[in-house]
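Note sheet for the following structure.
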2 protein chains.
Amino acid sequence: MWPPHQLPDLHEDLRRAGLALDPAALSRLTGHPLNAVIDLGGCTASFVSPRGLVLTNHHCCWSSLQFNSTEERNLLQDGFLARDLGEELSGAPGSRVQVTVDVREVTDEVLRGVEEIRDGAARYARIEEREKRLIAACEADPGHRCRVRSFHGGLQYHLVKQLEIRDVRLVYAPPRSIGIFGGDVDNWTWPRHSGDFAFLRAYVGPDGRAADPSPANVPFRPASYLRVAARGVEQGDYVMAAGYPGRTNRYRLSSEVADTFDWYYPTMKALYDEAIDLIESMSETYPEIELRYATTVSGLRNGSKNFQGMIDGYARSGMLERKRARERELQRWIESDPARRQRHLSALADLERLVARQAATREREAVLGRLERVALLDTARRLYRLAREREKPDASRSPGYQERDLLPLRERLQRLDKRFHPELDKAYFRLCLARYAALPPEQRRPALDAHLAPDDPAALGPRLDRLYAETHLGESEHRLELLDAPRAALEASEDPFLRLAVALYEDDLALEREKEALAGEFQLVRPRYMEALIAHLGERGHAVYPDANGSLRLSYGAVRGYSPRDGVSYEPFTRLEGIREKTTGVEPFRAPPEQLRLIEARDHGRWRLETLGSVPVDFLSTVDTTGGSSGSPTLDARGELVGLLFDGTYDGINADWDYDESLTRAIHVDMRYVLWVMEKVDRAWRVLEELGVRSSPAPEGG
Amino acid sequence: MWPPHQLPDLHEDLRRAGLALDPAALSRLTGHPLNAVIDLGGCTASFVSPRGLVLTNHHCCWSSLQFNSTEERNLLQDGFLARDLGEELSGAPGSRVQVTVDVREVTDEVLRGVEEIRDGAARYARIEEREKRLIAACEADPGHRCRVRSFHGGLQYHLVKQLEIRDVRLVYAPPRSIGIFGGDVDNWTWPRHSGDFAFLRAYVGPDGRAADPSPANVPFRPASYLRVAARGVEQGDYVMAAGYPGRTNRYRLSSEVADTFDWYYPTMKALYDEAIDLIESMSETYPEIELRYATTVSGLRNGSKNFQGMIDGYARSGMLERKRARERELQRWIESDPARRQRHLSALADLERLVARQAATREREAVLGRLERVALLDTARRLYRLAREREKPDASRSPGYQERDLLPLRERLQRLDKRFHPELDKAYFRLCLARYAALPPEQRRPALDAHLAPDDPAALGPRLDRLYAETHLGESEHRLELLDAPRAALEASEDPFLRLAVALYEDDLALEREKEALAGEFQLVRPRYMEALIAHLGERGHAVYPDANGSLRLSYGAVRGYSPRDGVSYEPFTRLEGIREKTTGVEPFRAPPEQLRLIEARDHGRWRLETLGSVPVDFLSTVDTTGGSSGSPTLDARGELVGLLFDGTYDGINADWDYDESLTRAIHVDMRYVLWVMEKVDRAWRVLEELGVRSSPAPEGG
């Protein structure tokens, strides 16, 4: 996952791997092909036509498919195909297409003099203030969104400027039975047969600038777009994926690794599983819960399977021992030279101390994190916090409550309508409080204890009933009105959730300060540790890429299978016939009948890979990936589109902590399958044509 | 699974497949290598030294390992290694090594004039009588055992003469954690890592003839024995397995296929599973049950998994449609020619009618079959039946009760001691009667209804309690004494099981006659059908091998993996490292620590396969196999020993009905693994030396 600015160091490696482009092109963020790679916020996508057509994963469009669905017309289930521009549907509130237009290193501007500040909280505040100032200056250019991304835990800072397109519409998505074929059962596994793709379109105002959603808007004209490769890849071919991977932890201490795998993942898996159980059991009583919480459940399931995979993989991997060995090596390297001792010796021990401090409240953090998922509690807290922050000048407000954050906040409160059910929210609140009540006394929060009686189930039940019976925060209009209410109005409100938010406020803030102070300590110590590690590895000739942090990265590799265990090989491609093989007629293995008919008839059209004897459906590559990479365009040696990255494998699930070339694989949907589905199954000929793919003669008309 | 006498037709094919021997050698039953291949009764084995050393599967020796185990010394668990001849342990009663010394076609002698007999029962009796006469003449040669085997459902008959060695001793078996590594979990699966081998030794009297077990006996000197190949096989190499496969059903009617897969397998699986549950739950109360029923449970589990595999595979295979298409083709072929119509037309319809007749009592047959597993009921019935049969001259007695059968019967009653528990037997009896009580009225047996009150649970419980409280058949000496008791003594006995057997006798016999009459009909019709089928296939150039029937067969193929499903390849070899990978420390994945240490140290010795980078553990081949083939020596192109066949794969489990080259695979333990275990883990140097394998220097002494 190389940041483009590091690619010049890798020209040799890229050429050896098979890249047929000038490697320099890949380090130019504002040139083709990288400027066609866009950030959806949590997913990656790419422009694939001069008229703002966007290709990403099906699973990156669920919110919008869900938002546009009704009980009668389930787009998630049935798919969607706009016959012309006029039929394209607005995405869910908050849908964004973000095009990176500039990245500038701002390390000095952020860190100048910060080392001198001894107090963690003060250091944190200073860095935050500088970041906000940089962002404000950058966002003076209207229609843009800027972020400061820290690299290597704060060793470097980059200011990233993105054009933020706010009018994003649904163009075409195959039915769930193609887009999520295999569903949760196949999630994280190979062999895979998902058609995980969908098309959106970015719209801007008639003046070409980003604009609020409006019928007057016109398709955006991107600076460049990706072209579909005339022929796809074969086993062993060079591929690369460009995208916005969210987060990896490859340079963590062994103590952090142990804490995460021995405690955090098992704990979180249990919390996720009980949430899934709750939603499923309540869906029986309230059938509308199923659709409203579909995205939530899918995320929880994905998380739970991921945690379990992490735990399973960890047991087999010997990762901890490897990390420990590397730490001992680093320590020896530092100690063996007086200058290094002087410069680096304290870094390891200091970081170790901070990690221990952080772990002391891990149980509390896990539980409070889940409480943030209680929709009405979270809404009330945000509303009151906003009213308090509004009393300050914009530049002094906390991130998340500045003027620039109001629209996302509004959209969040709006979205809630389709993703919320009061009975479920209440039951979940109760579940979280039961977990809270089990915390060690020293980790509990006085305000929560005082206002929610979490230890007294007899009192808690009626209290929660009253909260939900009397609140009006469940009503969308009311919620949105309160966005503009002044502090006094909220403090005077009779709404029990708002009263609760007010009651918790001071304590919430104290806790936030406490955490910021710790973060401020990390901001000093983690970079020192990374500096030592980079120097150590550099001396051995290893370039060190920074952990993923949501910024644009490029990863390259090859189409390649792997051996998940002795005696078994996973082939790099799956075939159409595998869909028929898996079909049981029961979700998630219920392919559309027309698709099965075409497979049976071996109607491969132009999309057949001869060496495979069929149309390739999905493929594996050694490309490095993590959450956020989903939807990354997968390019061949010429920079042409051959697939979309959409998942990793269960066996390589620990890659976030430890990349293992023999096991870590990305899973891509093959463009040949995408085009086959478009042409043969869904007859999305207009979209095909826009991709520059000549339509086949269509004897059946249409 | 070719009978050796058909091999001359296949010389071309064998050469093309890679055989480096003169193919004629493989059709000589009494020449090397086939005369080294021996029948253990349910398993196959081979002579591997001039001193009667026998190599077979570990799982073919469980009875003997179990028989020699005590609560203190569990040979199944810990393995066994005799340090010298004197330490070799007698096998379980009934252990046999049978060496085929002659096979002679006797079709004419069996069938002459039989077609004229119109009555099924009479026809059955005539054939049985002729078979008994042939056997008696053949067994006039002492120490030999003869059988008449029917081929193609009675189209041909062969008289098989075997030298029967009755003193068989345990020489060496690895611990269960090697011999059954993976246990029931891995049974029928790939990848596999079982060290499924063990050594026995055949002993004969000092005069070289078969003799009862005795300390005076001496190791048998076989006419020939197999030599371990100096180097093992690689992927794609020619291999062949010679053995005694029990039964296949490749030429059955589609109606028989449908009945078997839709009714018989699901029904039997349910019956097996409830028996397993019963044994497991009762083991908690009576811990001694676990060891006594280990072989039983293992057989039931194997059967249950097999049935489930059959059912699963059937759903995917399209086998029924294929069989139906082939039947239609045969029908068309017959009808398209007057001579063929004349000769074959009635065969299909007649067979169809018989199959329907047989199916009409399938529920009863299944339940009565399970009742035969009630040990004391079965014992009592056999004892009384024997007394009745004894009243006739030997030649007129039913097979199973002639003089030649007395020793096996005695051994059976003897073995019971270690494989029986009265409480379990009683509970199982009750279970079977509950199943019996659910039969349709027309399928019930009057005598059972009259004497066991199966419909009245309140009466049944006390009745069974009394049966088991008052019987003495549970006592070994008493049981064996009764073998010689005359009919009158048994009829006068107060033993409630004997009284039950007497009460059921006439009805049992009537049922037996009824079934023989049906069998007599089949004896006429099935050969006619096979004759038509063979003519039809012969015209298209296909040689037809007969279904397996327990006679010596040779199957050849190649070392080859397969693809169990789209995107997945099974490699043909597994490696030592796979054992470590699977090791969880919990049975059945608990490899011996010393073995794990050797694997960790990559101590491969001479047994490494370079292309694999490790010692091969098990391998796959396209060799055709079924139950009874277990332990078959696997030979390379030169006829040298490279492995032991021990299982088939789940994906090819339907092969008994329909061989599918793309999915059907045999699983073999690789001799290189056998030798590695012997040398490195178990240090069985004396046995290695006897195999002609030079011992390595043994720095650790021993």
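Of the atoms belonging to A:Y570, heavy atoms from both backbone and side chain fall under 4.5 Å from chain B.
The local environment of CZ in B:R231 is sparse, with at most 12 non-hydrogen atoms from other residues, nucleotides or ligands closer than 6.0 Å.
The shortest side-chain heavy-atom distance between B:R575 and A:D566 falls under the 4.5 Å cut-off.
Of all non-hydrogen atoms in B:G567 and A:P191, the two that sit nearest each other are CA-CB, 4.1 Å.
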